[in-house]
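Below, chains carry the letters A, B, ... as their sequence lines are ordered, and counting in each starts from 1. Computed from a predicted structure; not experimentally measured.
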There are 2 protein chains.
Amino acid sequence: MLSRRQLYILQAIVDDYVQTAEPVGSRSISKREDVDFSAATIRNEMADLEEMGFLMKPHSSSGRIPSHKGYRLYVDQLLNVTENNHLGLITSVQQLFDSRVSEVEAVMRKTAAVLSEMTNYVSVVLGPAMSNTKLKQLQIIPLSTTQAVAILVTDSGHVENRTFDIPRNMSISDLEKFVNILNEQLTDSPIKQWEALMSNEIERLLRQHVDHYEKIHQDLSAAFKPKVNEQIFYNGMLNLLAQPEFKDVEKIRQMLEWLEDKKEVYSLLNAMNSKGLTVKIGEENRFELFDDISMITATYAIDGDTVGSIGLIGPTRMQYERAIQIITQMADGLSTSLTRLYRHDA
Amino acid sequence: MLSRRQLYILQAIVDDYVQTAEPVGSRSISKREDVDFSAATIRNEMADLEEMGFLMKPHSSSGRIPSHKGYRLYVDQLLNVTENNHLGLITSVQQLFDSRVSEVEAVMRKTAAVLSEMTNYVSVVLGPAMSNTKLKQLQIIPLSTTQAVAILVTDSGHVENRTFDIPRNMSISDLEKFVNILNEQLTDSPIKQWEALMSNEIERLLRQHVDHYEKIHQDLSAAFKPKVNEQIFYNGMLNLLAQPEFKDVEKIRQMLEWLEDKKEVYSLLNAMNSKGLTVKIGEENRFELFDDISMITATYAIDGDTVGSIGLIGPTRMQYERAIQIITQMADGLSTSLTRLYRHDA
DNA sequence: TGTTAGCACTCGAATATCTTGAGTGCTAAA
DNA sequence: TTTAGCACTCAAGATATTCGAGTGCTAACA
């Protein structure tokens, strides 16, 4: 068990190091006003803390820096986020969500932008899982005799569209029938049930009433599968470059490459879903390459159901307290905002 | 006027430097098989070329590197692109455009991806200016009593949509009238005429037949203005990081920052429109910050009308010949592909 | 007159050497 | 248990040294 003094010293070191990115020496701590023990004492405590694995030395005669374990302790026990809600933050976040935006995508983008701007870290926003979304209407608008565009509108106001070739041997009336059947069968049923419906009932009806339906059916069902990488928004990747831990170009390249592959980020963020606030520190992250990267995630909800998550990516040497406060409030704001947006019947 | 030998030397230096990124010395050139004059002679010629401003020395006892003026000469006179069409390129580009893609956006993305992959430079693709596009259909689909989504389909198959609040005091029948008027008036008229039509005829009709039209009219007309930054696609920004001229983090940051501001890139690329192939070298570019950046642009056309441009951004130390070949062919392929895509009546 | 061999000179880059100072660990005394 | 004191460590910065690729110039040559 750590003594009160040891905790204090650990905290001091983390706070210092987060700010300066320089190893923290015993003397600099002993100079603090509220410290009435000497540098030598601190050195002894530091040695103990190091032995326990909370601190490290970059080299034998340098000051200490926190280890991952040290950050972990700091985050888990030394932070009390709830108390410390400076008003400044609240209001500015509130303002963002009060300015009624009616497009989900716009809200997402804005969230990512504000998150990264306020923290100077990279922000990731995962769009809401639309598994409960229902089809509002499917329309097919012919562009010519050979092509048409299919438009799908969900009750959340999301619009998806796809241009496709009209099969040569398909008549206009067949096309109409096709659309009618899909509309009748799918309207108001949630997206997640589509696949089942498609392969049973609908397939049967189509076979019965529409000639040459296979090709078009195939084209469109593929097209309307929700696309993962359109659901993920970044912001502030350039902020990384300002951090001293990224003075090395190769590291930046790796990091940006990793971010570019949205699938990876998606699955990582998605795994965090339904877990509320999460702080991953350094190698705790799946991607061992990024030893000195931390990631904070939070989830947001619509009407109380968790539907997505947002995240902040920065150096392990992160301003956890501030970042956690901000991400929490953003998640709350996002929840409120989206809930309002989706409650058309209000 | 430069002698044949001087031209040869300049070319040799550019070719060498492009490959190695190291200053080129007289001896390394004299070792070439097809050179039968000595290093000393080359040194003399080099001194002359330097005096004329085609070459530079990073420091007084180093080899020479090409100046912007040198590159310019190289590009304008020493390159004959047309002859040298290795088949490898042609077929792989053709393949890309042969795989029938029916979404304009998909074609653009793919073009950007292939461009950057083949060249290892940053690619920019500016979507086709749709000034001649015509409205196919405007639809409004109510989501609830308070909200609706407006969907606009152009004859090119482009779909634009916007969620908006239905004004409280507007009835369903008014909403229908509103849509009908817009459809009647705008269908088949090109986008560039809308603004005029809107403010004259349509405004008049609306005032006459629809109550409370102002708010909604205003919401939607703003929403359907084409958005610049959705029209521009990048790819391969990470390629920059591999270039030795970008070993400095600050430089990368500036560059990426510049690219992130799509408006700038857009206007630069747009200005190149209707000029065919363009090569900007170093400080010839508007942005003097990027002294050692070159940019190659080419335009593409639909049915012979230039509608957009594509570009490659790389170090001045660029493989101009190869890059020009590739971008030219991509532009051609894009033109063919888009022309086919837009010719629904074929 | 153009070309070339030869040679002294230049200067960046790599390597080694020195200096400094912040920081430590340990010991012995309070 | 705490602290003053002191020897010791080591990265980082400053300085010096070496090395070699490359130049410019001169004088001889074809």
Side-chain angles (χ1 to χ4, degrees), chain A residues 1-10 12-17 19-67 70 244-245 247-248, chain B residues 1-10 12-17 19-67 70 244-245 247-248:
Chain A
M1 197 66 265
L2 294 185
S3 71
R4 181 167 301 287
R5 190 167 67 192
Q6 285 173 321
L7 285 175
Y8 176 89
I9 290 174
L10 177 61
I13 289 175
V14 173
D15 287 341
D16 234 53
Y17 183 62
Q19 255 207 309
T20 63
E22 296 289 327
V24 184
S26 55
R27 250 177 69 82
S28 75
I29 292 185
S30 75
K31 280 196 200 120
R32 296 185 165 215
E33 291 186 346
D34 51 346
V35 167
D36 51 1
F37 33 91
S38 78
T41 311
I42 293 171
R43 278 203 290 284
N44 289 332
E45 299 283 33
M46 278 174 158
D48 291 350
L49 283 168
E50 183 176 0
E51 203 173 355
M52 288 185 275
F54 295 111
L55 296 179
M56 303 165 37
K57 281 188 293 192
H59 60 92
S60 72
S61 72
S62 77
R64 303 303 207 291
I65 63 175
S67 66
E245 22 273 283
K247 62 183 188 312
D248 169 26
Chain B
M1 197 66 266
L2 293 184
S3 71
R4 183 169 297 287
R5 190 165 68 191
Q6 284 173 322
L7 286 175
Y8 176 89
I9 291 174
L10 177 60
I13 290 175
V14 172
D15 287 341
D16 233 55
Y17 184 62
Q19 255 209 308
T20 63
E22 297 288 329
V24 183
S26 55
R27 247 177 70 81
S28 75
I29 293 185
S30 75
K31 279 197 201 121
R32 296 188 167 214
E33 290 186 349
D34 50 346
V35 168
D36 51 359
F37 33 90
S38 78
T41 309
I42 294 171
R43 279 201 290 282
N44 290 332
E45 299 283 33
M46 279 173 157
D48 292 351
L49 284 167
E50 182 173 2
E51 204 174 353
M52 289 185 272
F54 296 111
L55 295 178
M56 304 167 36
K57 282 189 291 193
H59 59 91
S60 74
S61 71
S62 77
R64 303 301 206 292
I65 63 175
S67 67
E245 22 273 284
K247 62 185 189 311
D248 169 27

Student: Expressed in angstrom and rounded to an integer, what is the separation of A:K247 atom NZ from D:dA12 atom C1'?
Tutor: 13 Å
Student: Should the side chain of B:S61 and the base of C:dT10 be counted as holding a donor-acceptor pair, with the cut-off at 3.5 Å?
Tutor: yes
Student: Quick one: A:E50 CD to C:dG23 P, roughly how many Å, whole number?
Tutor: 15 Å
Student: If you define the side chain from C-beta out and look only at heavy atoms, does anything of A:D16 sit under 4.5 Å from A:R32?
Tutor: yes
Student: Rounded to whole angstrom units, what separation is found between the CD atom of B:E22 and the C1' atom of D:dT23?
Tutor: 17 Å
Student: At less than 4.0 Å, is any side-chain N or O atom of A:R43 found next to OP1 or OP2 of D:dG5? Yes or no.
Tutor: no
Student: Using the closest heavy atom to pick a nucleotide of DNA chain C for each, name whichever of B:A40 or B:P58 lands nearer the 5' end.
Tutor: B:A40
Student: Can you find a heavy atom in the side chain of B:F54 that is under 4.5 Å from one in the side chain of B:I13?
Tutor: no
Student: Taking all heavy atoms of B:S30 and all of B:A39, pick out the closest pair and write down the distance.
Tutor: CB-N, 3.7 Å
Student: Check the distance between C:dC9's P and B:H59's NE2 and give it to me in whole angstrom.
Tutor: 19 Å
Student: Below the 4.0 Å mark, does C:dT24 have OP1 or OP2 next to a side-chain nitrogen or oxygen of A:R27?
Tutor: no
Student: Mind calculating the distance between CD (A:E45) and P (C:dG25) to the nearest angstrom?
Tutor: 13 Å
Student: Taking 4.0 angstrom as the limit, do A:R43 and A:D48 come out as a salt bridge?
Tutor: no
Student: Is any side-chain heavy atom of B:I42 less than 4.5 Å from a side-chain heavy atom of B:S38?
Tutor: no
Student: From the set C:dT24, C:dT10, C:dT4, return the single nucleotide nearest to any side-chain atom of A:S26.
Tutor: C:dT24
Student: Is any side-chain nitrogen or oxygen of B:T41 closer than 4.0 Å to OP1 or OP2 of C:dT4?
Tutor: yes
Student: Please report, rounded to the nearest Å, how far the C1' atom of C:dA5 is from the CG atom of B:D36.
Tutor: 17 Å
Student: Side-chain N or O of A:R5 versus OP1/OP2 of D:dT2: is the shortest distance under 4.0 Å?
Tutor: yes
Student: With nearest nucleotides of DNA chain C determined for B:S60 and B:F37 from heavy-atom distances, which residue corresponds to the more 5′ nucleotide?
Tutor: B:F37
Student: Rounded to whole angstroms, how far apart are CD on B:Q6 and P on C:dG2?
Tutor: 12 Å
Student: Just N and O in the side chain of B:K57: are any of them under 4.0 Å from OP1 or OP2 of D:dG24?
Tutor: yes
Student: Write down the distance between CD1 (B:I42) and P (C:dA5), rounded to a whole number of angstrom.
Tutor: 11 Å
Student: Quick one: is A:S62 getting a side-chain N or O under 4.0 Å of the D:dT9 phosphate, OP1 or OP2?
Tutor: no
